[in-house]
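The figures that follow rest on heavy atoms only: side chains count, while hydrogens, waters and symmetry mates do not.
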Amino acid sequence: MNTMGNSGTTTDRGEGKTHSLQAQDRREITVSGVREVVSFDEASVVLITACGLLTVEGESLHVTTLNTQDGVVAVTGRLNGLFYENEVTSGEGQGKRSRLGRWFR
């Protein structure tokens with residue numbers, strides 16, 4: 001079960017792993033609980049986190065911090081949206097996006 005508090009922290013209690021987001025002025029975001037960086041370019045950054053696949057969309061995006069040991073990634077640029085995808089197993093539901101909302105539009 002996932003829970004989210006006011007701090008932007010989500011905990012997956014089943015596995016005891018913590019994932020959090022901290023955004024500042026629509027120009028910087030720091031993400032913890034990152035397991036892997038799947039891809040990144042100036043338009044999007046795709047991360048596997050403790051709570052599923054996270055896509056950060058924007059313009060002129062740059063990964064400024066990549067700490068794989070601690071699982072922390074920081075991205076700067078113009079942030080337009082954040083999306084989570086449920087973890088998909090055995091090909092079911094691939095491509096379906098759980099939209100938590102576009103926070104920055």
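- A search for side-chain contact (heavy atoms from CB on, under 4.5 Å) contacts involving Gln24 returns Arg27, Glu28, not counting sequence neighbours.
- Under the rule for a salt bridge (Lys or Arg N to Asp or Glu O under 4.0 Å), Asp41 has no partner lying at least two apart in sequence or in another chain.
- With sequence neighbours left out, Val38 forms a side-chain contact (heavy atoms from CB on, under 4.5 Å) with Val46, Ile48, Leu53.
- Judged by distance alone, the side chain of His62 and the main-chain N or O of Glu42 form no donor-acceptor pair under 3.5 Å.
- Each of Val72 and Leu21 belongs to its own hydrophobic cluster when Ile, Leu, Val, Met, Phe, Trp and Tyr are linked at side-chain heavy-atom distances under 4.5 angstrom.
- His19 approaches Cys51 most closely through the heavy-atom pair CB-SG, 3.8 Å.
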Report task. Please report the C-alpha distance between Val37 and Val63 in whole Å, then the side-chain angles of each, then the deciding distance to 0.1 Å, and finally whether the side chain to side chain contact (heavy atoms under 4.5 Å, CB included) criterion is met. Result -> CA-CA 10 Å; Val37 177; Val63 175; 5.7 Å; no

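- Separation of atoms CG (Leu82) and CG (Leu54) is listed at 6.0 Å; rounding is to 0.5 Å.
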**Report entry** Test side chain to side chain contact (heavy atoms under 4.5 Å, CB included) applied to Leu61 and Leu79, step by step
**Finding:** CA-CA 8 Å; Leu61 299 179; Leu79 303 174; 4.0 Å; yes

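- Looking at Ser60, its side chain never comes within 3.5 Å of a backbone N or O of Gly77 through a donor-acceptor pair.
- Glu59 meets the side-chain hydrogen bond (donor to acceptor under 3.5 Å, both in side chains) test with Asn80; sequence neighbours excluded.
- No donor-acceptor distance shorter than 3.5 angstrom exists from the side chain of Arg78 to the backbone of Gly58, with no hydrogens or angles considered.
- Partners of Thr76 by side-chain hydrogen bond (donor to acceptor under 3.5 Å, both in side chains), not counting sequence neighbours: none found.
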Report task. For Val45 and Val31, run side chain to side chain contact (heavy atoms under 4.5 Å, CB included): C-alpha distance rounded to whole Å, both residues' side-chain angles, the deciding distance at 0.1 Å, then the answer. Result -> CA-CA 11 Å; Val45 178; Val31 183; over 6 Å; no

